[in-house]
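Data first, discussion second: the structure below is written as structure tokens.
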Amino acid sequence: MKAAVIHSPGIITCDTVDDPIIKDQNDIILRVTSTAICGSDLHMYSGGIPQARPMVMGHEFMGIVEETGKNITNLKVGDRVVVPFPISCGSCFFCQHDLPTACEHSNPEHYGPEGGILTDKGGALFGYSDLYGGYDGGQAQYVRVPYAHVGPRKVPDTLTDEQVLFLTDIFPTGYTGVMWGELKGGETVAIFGAGPVGSMSAKSAILHNAKKVIVIDTQQYRLDQIKSLTGCDTILWEDGQEVIDQIRDMTDGRGADLCIEAVGFEPDRNLLDRAKAILNFEKGSIKVLEACMSAVRRGGIVSILGVYPVNYDNFKLGQIFDKGITIKAGQCNVHAIIDQLMDHVQSGRVTLNDIITHRLSLEDVAKGYQIFDKKEDGCVKVVLDPWKTSAF
């Protein structure tokens, strides 16, 4: 089969690899019909998330059941399903408490309670390094889905692939960031990052009846897109302090009720930012998170959706304590909310596929990663067709 394989930082190619096979009787083999490139994939692409051996990428995918293990009774060959990006056994303590990203069984080689940098990680994720289970991902024509009695959800015939594809990750993730904010209606939500997760956070804030939604980004074209889709307010990040000042000006000097960090440890950085990281022996930067903690009101909430894989010195704990900020962070527990979100899509309360800017064949995956990473050609979201012939 054809699959997107990462070989080293910056090198992803569409290769011919062995077809997946059933390894456990709770597995299914899925014929992938749609898959996407996620912003967190770019952390592997950059080398920020290390991966020594070649690996099939991708954790946003859906498709048609091709084969089932003998224990699978909830699905049959021919069913069309969408698959959450965490891999959950469904039976351990954490899975039973709606925390599949902490699954005790899916990542046996690297799982542990500490949450370290290179060990004691959480549950497994599709196509996201050996640290998170080493499972091949879904940027491929076929993929093995373990614990298929737990994760995959059948898709109604009335919905297209593109209408539900983002239930795999970015919509549940954006929704979780808002859900953590405990909105009751009428609040101000500031979202740092107008990429796919930031866009879904804005849509989710509107679903939760936020009074004002403010989206911040370094790219005007991304701000223009989300403003046209949601009518939210936007701020172009040129100087971090100016962004904070503008948010305070828009909120009677208090700051936002909820700030959502949807960027992660690899924001756009200047030479001074990069020099600081080298001097402090740190990977990337927490500059966006620091802006969130300044822009949130006293007693407010900061939701961290962007990836932060390492530790950082000079973290502003004193500011958090003095302002009484609540911080919530981590991978989204998709399984716990996907059915509710499927209903939002099916009822028409939210539209997900309007953020797609590029539709490419799997054979063109290298170009897809390039334009997404470099923010070229107005790219916000790339969807790949595993069965389409290259247009280039």
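None of the values given here were measured: they were computed from a predicted structure.
Side-chain N/O atoms of Ser294 and Gln319 include a donor and acceptor closer than 3.5 Å. Thr173 and Asp169 share a side-chain donor-acceptor pair at under 3.5 Å. The closest side-chain donor-acceptor pair between Gln141 and Asp19, if any, does not fall under 3.5 angstrom. For the residue pair Glu60/Thr35, the side-chain donor-acceptor check at 3.5 Å is not satisfied.
A side-chain contact (heavy atoms from CB on, under 4.5 Å) with Met62 is found for one member of Thr33, Val83, Val81 and no other, namely Thr33.
For the pair Thr357/Gln225, a side-chain contact is recorded, criterion being any heavy-atom separation below 4.5 Å from C-beta on. Under the 4.5 Å side-chain criterion, counting only non-hydrogen atoms from C-beta, Val65 is in contact with Leu30. Put simply, the side chain of Ile355 reaches to within 4.5 Å of the side chain of Met200, judged on heavy atoms. Put simply, the side chain of His335 reaches to within 4.5 Å of the side chain of Pro86, judged on heavy atoms. Looking at heavy atoms from C-beta onward, Leu360 lies out of side-chain contact with Asp385 at the 4.5 angstrom threshold. When side chains are defined from C-beta on, Val82 does not count as touching Leu165, because their heavy atoms never get closer than 4.5 Å. Looking at Leu183 and Val178, their side chains come closer than 4.5 Å, going by heavy atoms from C-beta outward. Under the 4.5 Å side-chain criterion, counting only non-hydrogen atoms from C-beta, His7 is not in contact with Ile12.
Between Asp136 and Arg144 no salt bridge is recorded (no basic side-chain N to carboxylate O distance below 4.0 Å). Salt bridge Lys121/Asp130: absent, no basic N to carboxylate O contact under 4.0 Å. A salt bridge is absent between Glu261 and Lys328: the closest approach of a Lys/Arg side-chain nitrogen to an acidic carboxylate oxygen does not fall below 4.0 angstrom.
Considering only residues two or more places apart in sequence or on other chains, Lys367 meets the salt bridge (Lys or Arg N to Asp or Glu O under 4.0 Å) condition with none of them. In this view, Ser361 and Asp364 satisfy the side-chain hydrogen bond (donor to acceptor under 3.5 Å, both in side chains) rule, not counting sequence neighbours.
Nearest heavy atom pair, residue Leu167 against residue Val345, reads CD2-CG2, 4.4 Å. Pro196 and Lys381 make their closest contact through CG-CD, 3.7 Å (heavy atoms, listed as atom of the first residue, atom of the second, distance). Taking all atoms of both residues into account, the shortest heavy-atom contact from Cys103 to Tyr111 is O-CE1, 3.1 Å. Here the closest heavy-atom approach between residue Ala124 and residue Gly133 is recorded as CB-CA, 4.1 Å.
Within a 6.0 Å sphere centred on CD of Gln220, other residues, nucleotides and ligands contribute more than 12 heavy atoms. When the shell of 6.0 Å around CG of Asp339 is examined, it contains more than 12 heavy atoms from other residues, nucleotides or ligands.
Between His344 and Tyr175, the ring planes lie tilted relative to each other; the angle falls in the 30° to 60° range. The aromatic rings of Phe61 and Phe126 lie perpendicular to each other, with more than 60° between the two planes, well past the 30° mark. Note on ring orientation: taking the six-membered ring where Trp is involved, the planes of Tyr308 and Tyr312 are perpendicular (angle over 60°, cut-offs 30° and 60°). Ring geometry for His59 versus Phe85: interplanar angle of 30 to 60°, hence tilted.
Between Phe265 and His43, the ring center distance clears the sub-6.0 Å criterion.
Transitive grouping of hydrophobic side chains (ILVMFWY, heavy atoms separated by less than 4.5 Å) brings Ile260 and Leu341 into a common cluster. By the criterion of side-chain heavy atoms lying less than 4.5 angstrom apart, applied directly or through intervening Ile, Leu, Val, Met, Phe, Trp or Tyr residues, Val380 is not grouped with Ile371; the two fall into different hydrophobic clusters. The hydrophobic clustering, which links ILVMFWY residues whose side-chain heavy atoms are closer than 4.5 Å, places Phe94 and Ile338 apart. Under the 4.5 Å side-chain contact rule for hydrophobic residues, Val5 and Val382 do not share a cluster.
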> Taking it one step at a time, do Tyr45 and Tyr369 satisfy ring pair (Phe, Tyr, Trp, His ring centres under 6.0 Å)?
Replying inline: CA-CA 8 Å; Tyr45 184 67; Tyr369 270 84; 5.3 Å; yes

>> One pair to check against salt bridge (Lys or Arg N to Asp or Glu O under 4.0 Å): Glu363 and Lys388. What are the steps and the verdict?
In response: CA-CA 8 Å; Glu363 293 176 353; Lys388 183 179 178 180; over 6 Å; no

>> Pair Gln163, Thr160 - check side-chain hydrogen bond (donor to acceptor under 3.5 Å, both in side chains), show working.
In response: CA-CA 5 Å; Gln163 286 178 290; Thr160 67; 3.3 Å; yes

>> Go through it in stages, so that I can follow the logic: the residues are Asp377 and His358, the test is side-chain hydrogen bond (donor to acceptor under 3.5 Å, both in side chains), and I'd like the CA-CA distance, side-chain angles, deciding distance and then a yes or no.
In response: CA-CA 9 Å; Asp377 195 31; His358 292 75; 2.8 Å; yes

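Residue pairs meeting the salt bridge (Lys or Arg N to Asp or Glu O under 4.0 Å) criterion with at least one partner in residues 224-244, sequence neighbours excluded, are Lys212-Asp233.
Arg298 contributes a side-chain N or O that, together with a main-chain N or O of Asp322, makes up a donor-acceptor pair within less than 3.5 Å.
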